[in-house]
Structures are given as C-alpha cells and as structure tokens.
Amino acid sequence: MNLRVKMDKKQQLLDQRYLRMARIWAENSYCQRRQVGALVVKNKMIISDGYNGTPSGFENICEDENGLTKPYVLHAEANAITKLARSNNNSDGATLYVTASPCIECAKLIIQAGIKRVVYGEKYRLEDGINLLKRANIELIYINPETNEPE
C-alpha cells in the first residue's frame with residue numbers, strides 16, 4: 001500500500017470518528033424537530049463545537065406552539081463558528097464536521113471563516129448551501145449514515 005492510499009485511509013477513519021462525535025454532540029440540542037451537531041477540527045484538534053439551539057440567555061425551547069422552529073434558533077455550524085470568535089483559535093484551513101449538510105446561510109459563514117473542508121452525514125432537502133460551498137472550492141465529503149462510508 002503506497003503512502004498516499006495509507007494517508008487517505010487514515011483521513012477517512014478520522015472523518016468517520018469526528019462525524020460520529022458530532023452526532024453525539026447533537027444530543028445536547030434541546031430542539032425537538034431535529035438535533036444537529038458540529039465540530040471544527042484543525043491539526044487533529046477540536047477547536048470548537050456547536051449544536052442547534054437558542055442564543056445564550058434564551059429559554060432552551062426551539063419550537064413555537066405550532067411545532068415550527070423559532071426564527072432566532074442558531075444552526076450548529078453557526079454556533080461552532082461564532083464560538084471561535086470568543087476564543088484564541090481561528091478556523092483558517094480547518095475542517096467542519098456537521099451531522100446535516102449546511103444551509104446557504106451557514107455556507108456563507110463557512111466560506112468567510114476560512115474552513116477548507118466540510119464533512120457531513122445527512123443530506124438536507126435544499127442543496128443551495130452545498131452548491132455555494134462547491135463554488136467556493138471547499139472540499140465536500142458526504143459520509144452515508146447507513147454505511148458509514150464516503151460517497
């Protein structure tokens with residue numbers, strides 16, 4: 001096995017593990033409709049994390065009385081990226097692991113944050129976020145949640 005194949009296999013295993021960790025992190029979300037988790041990894045270190053939920057200081061209720069998501073609920077990616085603003089870390093060149101594919105608003109944040117890879121485990125019905133990330137030449141890896149293999 002040559003070095004390139006070995007490195008790719010090692011990266012694939014890391015991608016699977018970090019995505020599994022993001023799924024566990026999603027369990028922290030109080031949202032009823034969907035729980036999403038995100039990790040920002042740089043140089044094999046988790047530098048930030050996030051899950052979907054309300055802003056700091058708000059009640060931990062994501063849905064209104066009709067079961068619809070409140071408009072001020074933050075996505076997991078947005079929480080992870082904005083958390084970096086309060087730290088000494090930066091996400092330039094990092095990888096974002098997220099349990100669901102990013103929406104267009106989160107895609108814009110990902111691009112501006114300098115994130116170079118996005119590994120996700122569930123396809124969102126709208127593909128405009130993924131299409132924008134492709135346009136920005138960000139490496140996208142979908143890991144099928146049923147097979148745990150990249151597609």
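Hydrogens, waters and symmetry mates are skipped; everything else that's a heavy atom, side chains included, is used. Keep in mind that what you see is a predicted model, and the values were worked out from it rather than measured.
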[X] to [Y] - nearest heavy-atom pair and separation:
X: Asn79; Y: Gly50; result: CB-CA, 4.1 Å
X: Ala94; Y: Val40; result: CB-CG1, 3.7 Å
X: Thr82; Y: Ala78; result: OG1-O, 2.7 Å
X: Ala100; Y: Glu77; result: O-OE2, 4.1 Å
X: Ser91; Y: Ile47; result: CA-CD1, 4.2 Å
X: Pro102; Y: Ala107; result: CB-N, 4.3 Å

Would [X] and [Y] show up in the same hydrophobic cluster when neighbours are defined by side-chain heavy atoms closer than 4.5 Å?
X: Val119; Y: Leu39; result: yes
X: Ile141; Y: Ile111; result: no
X: Ile115; Y: Ile104; result: yes
X: Leu109; Y: Ile130; result: yes
X: Leu140; Y: Tyr124; result: no

Once rounded to the nearest 0.5 Å, what's the spacing between atom [atom1] of [X] and atom [atom2] of [Y]?
X: Met45; Y: Asn89; atom1: CE; atom2: CG; value: 6.5 Å
X: Lys9; Y: Leu14; atom1: NZ; atom2: CG; value: 12.0 Å
X: Asn148; Y: Arg17; atom1: CG; atom2: CZ; value: 10.5 Å

Sequence neighbours left out, what pairs pass salt bridge (Lys or Arg N to Asp or Glu O under 4.0 Å) with at least one residue falling in [range]?
range: residues 50-75; value: Glu59-Lys70
range: residues 140-151; value: none
range: residues 85-108; value: Glu105-Lys108

query: Considering residues at least two apart in sequence or located in another chain, which fulfil the side-chain hydrogen bond (donor to acceptor under 3.5 Å, both in side chains) criterion with Arg20?
result: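 For Arg20, no residue satisfies side-chain hydrogen bond (donor to acceptor under 3.5 Å, both in side chains) once neighbours in sequence are set aside.
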- prompt: Which residues pass the side-chain hydrogen bond (donor to acceptor under 3.5 Å, both in side chains) test with Asn90, sequence neighbours left out?
  reply: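 Expected list: Lys42.
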- prompt: How would you list all residue pairs meeting side chain to side chain donor-acceptor pair (under 3.5 Å) that involve residues 129-139, not counting sequence neighbours?
  reply: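 Only Arg117-Glu139 qualify under side chain to side chain donor-acceptor pair (under 3.5 Å).
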- prompt: If you look only at pairs with a residue in residues 43-54, which of them pass as a side chain to side chain donor-acceptor pair (under 3.5 Å), with sequence neighbours excluded?
  reply: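 Non-adjacent pairs meeting side chain to side chain donor-acceptor pair (under 3.5 Å): Trp25-Asp49, Ser29-Asn52, Asp49-Lys83.
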Sequence neighbours excluded - ring pair (Phe, Tyr, Trp, His ring centres under 6.0 Å) pairs with any residue from residues 88-122: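 Every pair satisfying ring pair (Phe, Tyr, Trp, His ring centres under 6.0 Å) with a residue in residues 88-122: Tyr18-Tyr97, Tyr120-Tyr142.
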message: Does anything in residues 29-49 form a ring pair (Phe, Tyr, Trp, His ring centres under 6.0 Å)? List the pairs, not counting sequence neighbours.
response: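 Of all non-adjacent pairs touching residues 29-49, none passes ring pair (Phe, Tyr, Trp, His ring centres under 6.0 Å).
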- request: Evaluate side chain to side chain contact (heavy atoms under 4.5 Å, CB included) for Val36 paired with His75, printing each intermediate quantity in order.
  value: CA-CA 8 Å; Val36 180; His75 289 186; over 6 Å; no
message: Is it true that, when you exclude Asn66 itself, more than 12 heavy atoms of the residues, nucleotides or ligands shown sit nearer than 6.0 Å to its CG?
response: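 Above 12, so yes.
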query: Got a sec, which pairs hit disulfide (SG to SG under 2.5 Å) with one end in residues 75-151, sequence neighbours left out?
result: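 Counting only pairs at least two positions apart or across chains, no disulfide (SG to SG under 2.5 Å) contact touches residues 75-151.
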message: Taking salt bridge (Lys or Arg N to Asp or Glu O under 4.0 Å) as the definition, give me every residue that meets it alongside Arg33, ordered by chain and number, with sequence neighbours left out.
response: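 For Arg33 there are no salt bridge (Lys or Arg N to Asp or Glu O under 4.0 Å) partners, ignoring immediate neighbours.
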- request: Applying disulfide (SG to SG under 2.5 Å), name anything that partners Cys31, two or more places apart in sequence or on another chain.
  value: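 For Cys31 the disulfide (SG to SG under 2.5 Å) partners, ignoring immediate neighbours, are Cys62.
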field: Sidechain-backbone polar pair: Thr95 side chain, Val118 backbone, donor-acceptor under 3.5 Å
entry: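 No; zero donor-acceptor contacts below 3.5 Å.
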- request: Quick one: do Gln12 and Asp8 satisfy side-chain hydrogen bond (donor to acceptor under 3.5 Å, both in side chains)? Show the steps, please.
  value: CA-CA 6 Å; Gln12 185 179 332; Asp8 289 347; over 6 Å; no
